[in-house]
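Notes follow once the structure below has been shown.
Protein chains get the first letters and strands the later ones, always in sequence-line order, with residue 1 at the start of each.
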Amino acid sequence: MGFGIIVFLAVIIGVLGSPGVTSRPEAAASADVSAHPNSVPETPEIFGQEKVLVLEEVEEDVMMTGELNPNQYPAQRAAKVVQHYLNTCYGSPYRVIGLNRVHSGNAQDVTDSGRKFQLEISVQDFISNKTEKCSAEVFFPSGGQQRSPQVHASCEELPKINTQAQEEALYQKYKTNQSRLSAELPDSFGHIDPDMEPLWHLGTVASSFIMLNESTENTLYNMAQVANITQLATENEQLKFDYHILLHEMVSQEIIHWKLLFTWSPPAGVKVLQMEQLPHSHHHEPLNTR
Amino acid sequence: MTPKCWMLRLFVLISSGLETSGGSGGGLQSTRSYDYTKYHPMDEIYRWMEDVERGNPELVSSAVYGHTVEGRNITLLKLGLDNSEGREKKLMWVDCGIHAREWIAPAFCQWFVKEIVHTYKTNEKLEQMLQNLDVYVTPVINVDGYTFTWANDSTRLWRKSRSLPLQGSNCYGVDLNRNFNANWGTVGVSFDSCANTYCGKSPGSEPEARAVMDFIGRRVNQTLCFLTIHSAGQLILLPYGHPEISAPNYNELVSVGEAAAAEMKKVHGMTYTVGTSPQILYPNSGSSRDWARLMGVPFSYTFELRDTGEFSHLLPEEQIQPACEEAYAGALSIITHVHDKTFSSAAVAAVTGVASASGVAVAILSTVVSALVTAGVSACD
């Protein structure tokens with residue numbers, strides 16, 4: 001019985017046709033009505049009115065301004081910038097935020113200044129797996145000098161889960177350490193030693209400062225790997241690290257090497273002291289210091 | 001679409017219920033001991049292909065259809081069964097590893113072959129499809145690049161082939177997925193040989209891309225479906241990569257893609273977004289997917305597998321199984337649609353049980369069918 005209904009519906013849909021079909025209109029008004037009934041009045045070609053029976057396969061354009069399609073790249077790239085921003089604000093060795101979904105977006109040109117995006121997104125804490133909704137605004141400045149996007153965001157619950165005890169334990173563990181720590185997080189097989197996970201997360205958070213700074217409407221950044229970690233002497237109660245980081249930029253598909261000097265402690269969070277793009281041996285890129 | 005969804009539901013129900021372990025004996029031994037949840041270097045993949053072929057001669061044959069810049073074999077496995085009527089068979093293409101660092105892609109191609117080898121004897125629908133279609137799977141197209149990513153820690157994120165540097169440069173490699181003869185060199189490429197989207201000196205200049213074009217080029221009329229597997233991003237991309245060019249069957253490509261994404265989501269809850277590359281990723285040209293569609297292959301898709309940025313190309317081995325399970329569901333959804341569209345009345349005919357593996361299978365099959373029909377089960381949502 002169920003199958004019969006399905007067949008019936010299929011027939012109905014077939015008869016009614018798809019919404020894209022345009023039917024031929026009535027013959028043009030200038031046809032000679034007084035002509036002999038057996039003759040066929042010549043239908044003059046009227047451009048724009050004469051339509052051929054065609055199944056229109058209309059591809060969706062990419063919306064760049066006004067209401068955005070949340071699945072298309074403009075909203076997705078802007079939302080990724082919000083992810084980087086949230087990590088710079090709230091990230092820690094026990095809290096790393098990822099973009100989960102874009103629900104809706106809107107974009108406007110700001111004359112002679114740039115483009116502004118408003119977004120409704122969901123983000124996910126990679127460690128606790130909790131998701132929450134955020135409203136955000138991203139402004140991409142235009143113009144010659146490479147200026148970083150400006151972000152405002154408010155989320156339902158951030159900051160929330162108490163990671164204080166874990167952060168304190170980590171801090172104590174590394175407070176008196178100073179050495180080159182084992183690198184490659186993750187390794188070629190995607191593995192990270194559970195002991196090293198907090199330092200991997202710390203790398204993601206610190207990278208977010210670079211990724212936020214470097215982002216434009218034409219980029220999509222993720223941290224690919226922590227290539228090397230050197231811990232320096234603790235300074236002013238802050239753990240101090242020198243990280244060699246690989247970023248993946250999706251649009252160009254390039255892997256970009258950065259050197260990052262930063263400090264961290266549970267009360268102060270991550271503070272970046274120095275960021276430096278490194279030349280890759282295969283390429284001829286000049287050293288670009290910030 | 002609805003009757004096909006219904007058939008797909010039935011198919012999944014049967015395949016999950018009837019899958020047996022223990023296989024048909026010795027030939028499957030080595031493929032059953034191969035660890036599909038680990039990444040394998042190229043020499044292991046070559047050996048595995050030999051083992052699969054040797055262990056399943058009625059289903060699997062192999063062919064070397066080209067050579068890489070460094071002289072390595074580009075090898076495919078052909079999966080298909082004889083059909084008793086000697087009908088001309090149609091063709092389905094799956095390739096993996098055009099981009100060297102996307103390790104989950106070759107892992108998927110191996111998983112895909114394994115699934116078919118291990119389930120076709122107890123899966124009526126799959127068996128029937130293999131009688132009508134030959135499925136050509138290339139586990140690694142960019143063998144040089146893939147091998148290079150295994151060399152040491154610093155080479156893991158290589159993307160391109162290993163073609164020699166141009167005069168005056170010290171940069172190797174061409175982005176093979178920008179080298180195909182499809183609007184070559186128009187968008188989303190670089191002409192700088194050091195860049196990761198360098199499209200090569202001319203369309204099809206690279207032997208790896210050339211090999212695919214030559215092979216499919218001779219068989220376009222029989223080719224129904226072309227799937228090219230990549231990572232990452234969790235996307236199903238349809239042609240074309242050029243923002244101003246649309247495929248004539250765009251609407252159908254979207255609906256079949258969305259049905260695949262829906263099947264993928266059912267497996268582990270992961271979202272795969274469907275659209276053209278310029279819509280959901282970035283404009284590009286010279287891709288294998290675009291070339292296939294341009295040549296007339298009606299269904300051509302790029303699968304971008306897990307994840308969405310946490311690990312990107314360095315997907316942990318623990319995720320190989322779930323990633324492959326969902327990708328398999330998606331690929332099968334497309335293959336089934338394409339098969340059923342081409343061999344349309346066969347879908348219902350299969351219910352009456354043609355060349356079934358066991359009487360039990362037939363009995364279960366017809367019981368389930370009649371139960372579903374009388375219960376008025378609604379189509380997929």
Within this structure, what is the [atom1]-[atom2] distance for the pair [X] and [Y], rounded to the nearest 0.5 Å?
{"X": "L220(A)", "Y": "Y282(B)", "atom1": "CG", "atom2": "OH", "value": "10.0 Å"}
{"X": "Q72(A)", "Y": "T273(B)", "atom1": "CD", "atom2": "OG1", "value": "11.0 Å"}
{"X": "I280(B)", "Y": "N69(A)", "atom1": "CD1", "atom2": "CG", "value": "9.5 Å"}
{"X": "L157(B)", "Y": "S188(A)", "atom1": "CG", "atom2": "OG", "value": "8.0 Å"}
{"X": "Q253(A)", "Y": "T197(B)", "atom1": "CD", "atom2": "OG1", "value": "8.0 Å"}
{"X": "L238(B)", "Y": "E59(A)", "atom1": "CG", "atom2": "CD", "value": "7.5 Å"}

Looking only at atom types and distance, does a side-chain atom of [X] sit under 3.5 Å from a main-chain N or O of [Y], one as donor and one as acceptor?
{"X": "E254(A)", "Y": "N196(B)", "answer": "yes"}
{"X": "E310(B)", "Y": "F126(A)", "answer": "no"}
{"X": "R77(A)", "Y": "L281(B)", "answer": "yes"}

| field | chain A neighbours within residues 97-106 of chain B, where any heavy atom lies under 4.5 Å away | value |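 Contacts with chain A: R101(B), W103(B).
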
| query | For A107(A), which residues count as a side chain to side chain contact (heavy atoms under 4.5 Å, CB included) partner, sequence neighbours excluded? | reply |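 A107(A) satisfies side chain to side chain contact (heavy atoms under 4.5 Å, CB included) with L68(A), R115(A), F117(A) once adjacent residues are dropped.
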
Structural part of [X] lying under 4.5 Å from a heavy atom of chain B:
{"X": "Q83(A)", "result": "neither"}
{"X": "D187(A)", "result": "backbone"}
{"X": "Q76(A)", "result": "neither"}
{"X": "M250(A)", "result": "both"}
{"X": "S252(A)", "result": "backbone"}

| task | May I ask you to test the Q279(B)-Y73(A) pair for a side-chain heavy-atom distance under 4.5 Å? | result |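 No. Closest side-chain heavy atoms not under 4.5 Å.
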
| Verdict with supporting geometry, H191(A) and E318(B), side chain to side chain contact (heavy atoms under 4.5 Å, CB included) | CA-CA 9 Å; H191(A) 296 149; E318(B) 307 87 75; 3.2 Å; yes

| Under 4.5 Å from any heavy atom of chain A - which part of T276(B) |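 When you check distances to chain A, only side chain atoms of T276(B) fall under 4.5 Å.
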
| query | Around atom CD of E67(A), are there more than 12 heavy atoms of other residues, nucleotides or ligands at under 6.0 Å? | reply |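 Counting other residues, nucleotides and ligands, CD of E67(A) stays at 12 neighbours or fewer.
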
| said: Run Q225(A) and L314(B) through side chain to side chain contact (heavy atoms under 4.5 Å, CB included) and show every step you take. | reply: CA-CA 8 Å; Q225(A) 193 183 48; L314(B) 303 180; 3.8 Å; yes

| Y39(B) vs F189(A) aromatic rings, parallel, tilted or perpendicular, using cut-offs 30° and 60°? |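 Judged by the thresholds at 30° and 60°, the geometry between Y39(B) and F189(A) is tilted.
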
| query | Which one, D61(A), L246(A), L99(A), V62(A), leads in non-hydrogen pairs under 4.5 Å with chain B? | reply |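 Most heavy-atom pairs within the cutoff with chain B belong to V62(A).
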
